[in-house]
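So the structure is just underneath, and the comments pick up after that.
Counting starts at 1 for both ligands and their atoms, following the listed order.
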Amino acid sequence: MSADVQTIAKIFAVGGTIESVVDFGSGNINDSYLVTCHQGLSTVRYLLQRINDLVFRKPVEVMENITRVTQHTTAVLCNRGVSGVERRTLTIVPTREGREFYNGPDEACWRMYHYIEGTRTHENATTPHQAHQAAQAIGLLQSLLISLPEPPLHETIPHFHDTPLRYRQLEEAVQKDPCNRLEQVKQEVDFADSNREFAGLLQDLRARGKLPLRTVHNDAKISNVLFDGDTDQAICVVDLDTIMPGLALDDFGDMVRTMDVTASEDETDLSRVEISLSLFEGLASGYVSAAESFLTPCEREHLVASGQILTLEQGVRFLTDFLLGDTYYKTSSPNHNLDRCRNQFKLLRSLMENESAMRRFVETL
Ligand code: GN1
Ligand code: MG
């Protein structure tokens, strides 16, 4: 590990002496490190992250949002007498000067959390129980945020789940084709085009006031939920960078995209990329059990459509980044973004084929 990251870790109010700092996690955007400290005979671990300032242009606002959200969820859970609250929400470790983040000499923004011990993550769901648990955790988070005091959170990435905007960005990338990759992706561009009208459904309902704006997670994939290592119960939702105003269905759609398919979004064997109805049933029942007190009829009615739209949107985003030369998502092979796009479009086809069965199940909830 570079000495620089060690030096940055020391800026934060960690307990004890830093023993090691190692790369950590599978995020596509930020850089994460696990910091291990020794304090007497005990070991304390922390998560140190460098916020990607090309993606998050106003990291101060990101940290303001996270501070408000973690303080609020902690207070509500404590009021409800929930046990082990320190493992159920992230806790920011301030710098030694008492600030929530550190601005490095190169303007990079760093922050630290307590590492939540005894947990693990899943890159994709393998059992209905896991999907149920993870979706319940996201539903619970949304419900806790209903009582978040005014003002609304900062919109840290404006129009984040504005699918029609993602289409316009794709169109621009197709026009410019700066890396001469268009020839390779004609089929994918055609597939995206053929679904353009449907893609605007949620934003259209939002603009017509049919879907309420809420405070939501906005990156509700299964790998952002921590599970207890012993019980496999979902205990904490992490990666709060994009928490901001949005649609409850943006989260539900992202869950459908990542929790009811046993293959991850990096899977290149597309025969493995298929929705599992039993995983979908686990996830939909888990989410509705936590969200039924606030879901409106219009939100319920569009649960299945949101899965299709968010999967389509993600495919469009990967395709756009491929055309632009892989400048947004971290990639580990030349066609990584294109492979991910194909994966998402295959999943969308499977979601469409199974739409009736999914709808029938949702009606029973
Ligand atoms: C990014 O960094 P990570 O993996 O948490 C992205 C999400 C995408 C996801 C696809 C800020 O999230 O929107 O759904 O990759 N985050 C941002 O895996 O763009
Ligand atoms: Mg994220």
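- A search for salt bridge (Lys or Arg N to Asp or Glu O under 4.0 Å) contacts involving R257 returns D254, E265, not counting sequence neighbours.
- V62 is not listed as a side-chain neighbour of N65, based on a closest heavy-atom distance of 4.5 Å or more.
- Under the 6.0 Å distance and 45° angle rule, R99 does not count as a cation-pi partner of Y102.
- A cation-pi arrangement is not found for R340 relative to F322, the charged atom failing to lie both closer than 6.0 Å to the ring centre and inside a 45° cone about the ring normal.
- Under the 30°/60° scheme for interplanar angles, the aromatic rings of F280 and F361 are found to stand perpendicular.
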Show me the short polar-atom pairs for ligand 1: any N or O of it lying under 3.5 Å from a protein N or O, with distances only.
residue, atom, partner, partner atom, Å
ligand 1, 2 (O), N28, N, 3.0
ligand 1, 2 (O), I29, N, 3.2
ligand 1, 4 (O), N28, N, 3.1
ligand 1, 4 (O), N28, ND2, 3.4
ligand 1, 4 (O), K221, NZ, 2.6
ligand 1, 5 (O), D219, OD2, 2.8
ligand 1, 5 (O), D239, OD2, 2.8
ligand 1, 12 (O), D219, OD2, 3.2
ligand 1, 13 (O), R317, NH1, 2.9
ligand 1, 14 (O), R257, NH2, 3.4
ligand 1, 14 (O), Q314, OE1, 2.7
ligand 1, 15 (O), N28, ND2, 3.0
ligand 1, 18 (O), N28, ND2, 2.9
ligand 1, 18 (O), K221, NZ, 2.7
ligand 1, 18 (O), E265, OE1, 3.3
ligand 1, 18 (O), E265, OE2, 2.3
ligand 1, 19 (O), R317, NH2, 2.8
ligand 1, 19 (O), Y328, OH, 2.5

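- Between the side chain of N52 and the backbone N or O of I29 there is at least one donor-acceptor pair closer than 3.5 Å.
- For the Mg ion (ligand 2), the tally of protein N/O/S atoms lying closer than 2.8 Å stands at 2.
- For E281, the salt bridge (Lys or Arg N to Asp or Glu O under 4.0 Å) criterion is met by no residue, not counting sequence neighbours.
- The only member of H132, H122, H129 that meets ring pair (Phe, Tyr, Trp, His ring centres under 6.0 Å) when paired with F227 is H122.
- Nearest heavy atom pair, residue E274 against residue S350, reads CA-OG, 3.6 Å.
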